[in-house]
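Reading through the structure tokens given below for one structure.
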Amino acid sequence: MIDLRSDTVTRPVAGMLEAMFGAEVGDDVYGDDPSVNELERYAAEALQMEAALFVPSGTQSNLLALLTHCQRGDEFITGFDSHTYKYEGGGAASLGGIHTQTVPVDASGHLDLDEVQHVIKRDDFHFARTRLLTLENTYHGRVLAPSYLAQVRVLCDQNNIALHLDGARIFNAAVKLDQPVHTISTVFDSVSICLSKGLGAPVGSVLCGTTEFIAQARRWRKVTGGGMRQAGYMAAAGLYALQSMVTRLREDHDNASELDRLLQGGRGFRVRTGWTQTSMVWIDFDEIQNDQFLEYARERGVLFSLTAHGTACRMILHHDVSRADIEQAAGVFRDWFSRKSEIVFSTQLAAA
Ligand SMILES: *Cc1c(COP(=O)(O)O)cnc(C)c1O
């Protein structure tokens with residue numbers, strides 16, 4: 001199966017499995033696991049942040065950041081379709097009593113900063129206390145411009161609010177910009193990175209920030225059930241991911257560009273212009289699609305996914321998809337839509 005649903009579907013490569021098999025472990029809740037400690041040290045150093053915390057998932061990592069930056073009754077600002085707002089089950093509200101203020105996002109994935117400034121609340125007991133802004137980079141595959149990040153930092157400093165990055169795919173952004181990852185991470189007070197997406201680890205994320213911030217996040221990790229014991233087997237996979245799987249992301253980006261090219265000019269759909277910057281290709285449909293489309297592709301060896309309302313498709317390239325796979329996937333995709341237009345055409349003929 002050619003699986004374009006997500007980069008979370010990647011399986012560990014042989015070298016990663018060997019690293020896991022050979023990992024030295026201890027009880028991480030006691031701080032005794034050398035592999036976890038090494039992963040946290042390595043991640044903090046790579047991102048040039050003081051400290052890091054290994055956690056089971058990106059959702060938990062973002063949640064710990066929210067719980068640490070904000071108290072009950074505080075508010076964070078984020079994009080209207082950001083992961084922290086839309087795809088994490090409302091954890092900020094249900095678990096943290098944290099209010100969310102969303103703002104619009106433009107075609108390049110940037111928040112409207114005038115709007116952000118506008119919604120930051122002044123100190124008044126009518127309002128929730130605005131404490132935090134969170135960004136996402138890459139944002140649905142798009143790389144946030146370094147000049148924009150600098151502007152955001154100034155805005156946060158001027159308003160005395162913290163800045164968190166959901167950097168699930170920060171390495172895709174860094175590779176695309178051809179810069180070390182710390183040029184992005186050091187703009188932020190805290191950063192969450194995913195090891196289990198394009199970097200190919202089976203599970204895990206790392207939250208980075210100041211020593212004090214991470215100490216508090218470590219408390220919240222225990223409270224939310226994320227304290228793990230011999231987690232070193234997973235941390236070893238994560239360390240391998242950071243050391244050996246980052247530079248190859250370029251191949252995924254090249255494959256995404258190629259897929260974008262192969263899908264140009266089709267009937268019944270349009271590739272979103274300017275969105276294919278890293279590992280994702282976004283396609284909007286002229287007509288809503290459903291399971292029939294997914295089933296058609298599955299029978300031909302390709303797994304696609306649809307957005308919630310069936311109006312678009314997001315394809316993600318990753319380690320387990322080759323150049324030949326892309327050609328097959330593009331062929332199946334185009335065939336479905338040309339077959340559809342033939343059916344429509346022949347029904348129209350019949351009706352005429
Ligand atoms: C995947 C993802 C996360 C976290 O996901 P988990 O599945 O909980 O590890 C957070 N933010 C973004 C942008 C993601 O893509």
Side-chain angles (χ1 to χ4, degrees), residues 3-12 39 43 47 52-67 69 76 78-92 94-96 100 102 105 109-111 132-144 163-176 181 184-185 188 190-208 217 220-221 224-226 228 231 234-235 237-238 241-242 245 249 252-253 256 275 277-282 305 307-308 314-319:
D3 196 340
L4 294 173
R5 292 172 303 169
S6 179
D7 47 3
T8 54
V9 302
T10 43
R11 314 264 164 90
L39 170 67
L47 271 69
L53 182 67
F54 182 45
V55 290
S57 73
T59 297
Q60 189 173 50
S61 191
N62 284 328
L63 175 66
L64 301 187
L66 290 167
L67 291 172
H69 284 298
F76 81 111
T78 191
F80 80 99
D81 59 352
S82 72
H83 204 278
T84 46
Y85 171 60
K86 196 171 169 187
Y87 301 96
E88 295 178 7
S94 60
L95 302 171
T100 310
T102 62
V105 180
H110 296 169
L111 309 187
L132 174 72
L133 175 63
T134 77
L135 300 185
E136 194 174 312
N137 195 12
T138 60
Y139 201 3
H140 301 188
R142 296 159 297 178
V143 179
L144 305 185
L163 181 58
H164 171 70
L165 179 66
D166 176 357
R169 298 187 181 81
I170 192 176
F171 290 99
N172 293 84
V175 163
K176 176 66 183 192
V181 71
I184 302 172
S185 57
F188 296 85
S190 57
V191 178
S192 169
I193 64 174
C194 279
L195 305 168
S196 63
K197 301 262 163 96
L199 299 184
V203 293
S205 279
V206 181
L207 180 63
C208 300
W220 281 123
R221 184 184 68 172
T224 52
M228 298 181 286
M234 294 302 161
L242 293 179
M245 302 294 281
L249 291 174
D252 300 338
H253 300 175
W275 282 51
Q277 298 178 17
T278 54
S279 57
M280 295 183 201
V281 183
W282 286 82
S305 60
T307 54
R314 178 194 71 172
M315 300 183 188
I316 307 198
L317 285 298
H318 53 77
H319 177 266

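Predicted model only: the values in this text are computed from it and were never measured. Counting starts at 1 for both ligands and their atoms, in listed order.
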**Sequence-distant partners of His164, ring-ring contact (aromatic ring centres under 6.0 Å, His included), two or more places apart** =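 Testing His164 for ring-ring contact (aromatic ring centres under 6.0 Å, His included), a comparison that skips the adjacent residues, returns none.
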**Request:** Sequence neighbours left out, what passes salt bridge (Lys or Arg N to Asp or Glu O under 4.0 Å) with Arg5? Give chain and number order.
**Result:**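 Arg5: salt bridge (Lys or Arg N to Asp or Glu O under 4.0 Å) contacts with Asp3.
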**Request:** For Arg221, check salt bridge (Lys or Arg N to Asp or Glu O under 4.0 Å) against everything at least two apart and list the hits.
**Result:**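 Arg221 satisfies salt bridge (Lys or Arg N to Asp or Glu O under 4.0 Å) with Asp28 only.
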**Minimal non-hydrogen separation, Ser185 against Leu47, with atom names** =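 That would be OG-O, 2.6 Å.
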**Prompt:** Is there a donor-acceptor pair closer than 3.5 Å between any side-chain N or O of Lys176 and the backbone N or O of Val143?
**Reply:**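 No; zero donor-acceptor contacts below 3.5 Å.
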**Message:** Quick check on side chain to side chain donor-acceptor pair (under 3.5 Å): which of Asp166, Thr134, Thr78 does Asn62 satisfy it with?
**Reply:**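 Answer to the side chain to side chain donor-acceptor pair (under 3.5 Å) test with Asn62 among Asp166, Thr134, Thr78: Asp166.
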Quick check for students: name every N or O atom pair between ligand 1 and the protein closer than 3.5 Å, with distances.
from	atom 1	to	atom 2	distance (Å)
ligand 1	8 (O)	Gly58	N	3.4
ligand 1	8 (O)	Thr59	N	2.8
ligand 1	8 (O)	Thr59	OG1	2.6
ligand 1	9 (O)	Gly58	N	2.8
ligand 1	11 (N)	His83	ND1	3.4
ligand 1	11 (N)	Asp166	OD1	3.1
ligand 1	11 (N)	Asp166	OD2	2.6
ligand 1	15 (O)	Arg169	NH1	2.9
ligand 1	15 (O)	Lys197	NZ	2.7

